[in-house]
Amino acid sequence: MAETITITDNRTGEAIEVPILNGGIDSAEFAKLLPGVWFYDPSYGTTAGASSAITELDGEAGVLRYRGYPIEQLAEHSTYLEVAYLLIHGDLPTTEQYDAWVHDITYHTFIHENVRKRFMEGFHHDAHPMGILVSTLAALSTFYPDAKDIFDPESRYKQVIRLIAKMPTIAAGAHRHSVGMPFVYPDNNLDFCSNFLSMMWKVAEPHYEPDPVLSHALDVLFILHADHEQNCSTTAMRVVGSSHADPYSATAAAAAALYGPRHGGANEAVIRMLTEIGSIENVEPFIADVKAGKGRLQGFGHRVYKNYDPRAKIIKDVAYEVFEVTGKSPLLDIALKLEETALSDDYFISRKLYPNVDFYSGLIYQAMNFPMEMFTVLFAIPRISGWLSHWQEMLDQDSRIARPRQLYAGPVARDYVDVVDR
Ligand SMILES: CC(C)(COP(=O)(O)OP(=O)(O)OC[C@H]1O[C@@H](n2cnc3c(N)ncnc32)[C@H](O)[C@@H]1OP(=O)(O)O)[C@@H](O)C(=O)NCCC(=O)NCCS
């Protein structure tokens, strides 16, 4: 069977054979064959915006792999920093490469004092930490003018290191500012996640040592959130990066995309929903309301995963490890009852609606004392390694600037009318 599609142009009666490449149609090829005909696809649901070798996602089969490695194996055996190396470089590091990578990241965790004093502390006292994060990332571009050398491998590496390393510092700083607590400097004797927890929670003790179970749980969550191929924020990163903006400006755009409740805010919606349900007895009437079209079951369903979200199972196990230390979340029983009821109900089964990554991540963050405003920030910390790997890949592909067509739907040409005659 030929790997082509035959399209008949009914305007001319001409039949055109369009080649299929990797399951899709190359738009450049199509444009040559049918000049002037565009695809109308505002949410890119049927458009591949990039060719990428980073993350493989098969929603039907419930598969998620980074650079070929199954997410389950990475969550069990790897660390977030090793996964970040894998995403950025394409392969797992040797011991030597890993040590150098961890060293470089550990020694770039500090931020310039003026970033803290002039920018972060300049925000209103109750500023949302995600707003602080987005703006601080953009401000960093003014501190590192060398970042404009995007085709210089040494400069590029430096910015990648800086961004991955400084995310926890900025994230924790944003939280401390929003609750009126003094900024805590990084402790480079701690591992990546423990250092973040220290910057979040340290009060007067000379050295903060978090519970290793909680550091490890956070590390697993960071692995699960590090990349997810061409989602909204990664697409923003690639689109802004295609204009050859510096990586700080591009990551600020990606973080802004993540800020939206349709992208990074679903786990917060889960907590609000569970709180609203309030008790196990209210689960069944709540499900009945959802089935009657009154709202959605937050943390259920996914645009891509139509079998199950492979991250959800891992995260459920992590939740139990965390609850061993923190005590059970009062919302857990409601969540379990909700999951059990929905998974045995034909409404959810027939629509292939399963718990997604957000169903349990909010419960974990809440048990670890993170305020809800920090949930999206916690998503952004590891996702920066995904954004940066896509940014590098896009630059290496020497792609053209992103510039879609539009279908013009406005008025036809008309003449200007003087204001007194309108
Ligand atoms: C993630 C989500 C936006 C994907 O949406 P989508 O792929 O566009 O799916 P659709 O909106 O086309 O939904 C398909 C059907 O399932 C239903 N459905 C989808 N998600 C649902 C949910 N969470 N609760 C109840 N019904 C749901 C829709 O009502 C629709 O039913 P219909 O065919 O009778 O009209 C959607 O599942 C959702 O809103 N989930 C809750 C929010 C969430 O957890 N987001 C985080 C994603 S990681």
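This chain uses plain numbering: 1 for the first residue, then up along the sequence. No hydrogens, no waters, no symmetry mates; every other heavy atom, side chains included, goes into these values. First listed ligand is number 1; within each ligand, the first listed atom is number 1.
With sequence neighbours left out, N189 forms a side-chain hydrogen bond (donor to acceptor under 3.5 Å, both in side chains) with no residue at all. With sequence neighbours excluded, the residues satisfying salt bridge (Lys or Arg N to Asp or Glu O under 4.0 Å) with D309 are R311.
Side chain to side chain, D191 and S215 fail the donor-acceptor criterion of an N or O pair below 3.5 Å. Of the N and O atoms on the side chains of T47 and D41, at least one donor lies less than 3.5 Å from an acceptor on the other residue.
Within 6.0 Å of atom NZ in K306, more than 12 heavy atoms from other residues, nucleotides or ligands are found, so the atom counts as buried in its surroundings.
For residues 54-67, the pairs satisfying side chain to side chain donor-acceptor pair (under 3.5 Å) are T55-D227, E56-R65, with sequence neighbours left out.
Enumerated by chain and number, the residues approaching ligand 1 to less than 4.0 Å through a heavy atom are A266, V290, R296, L297, Q298, G299, F300, G301, H302, R303, K306, Y347, R351, L353, N356, D358.
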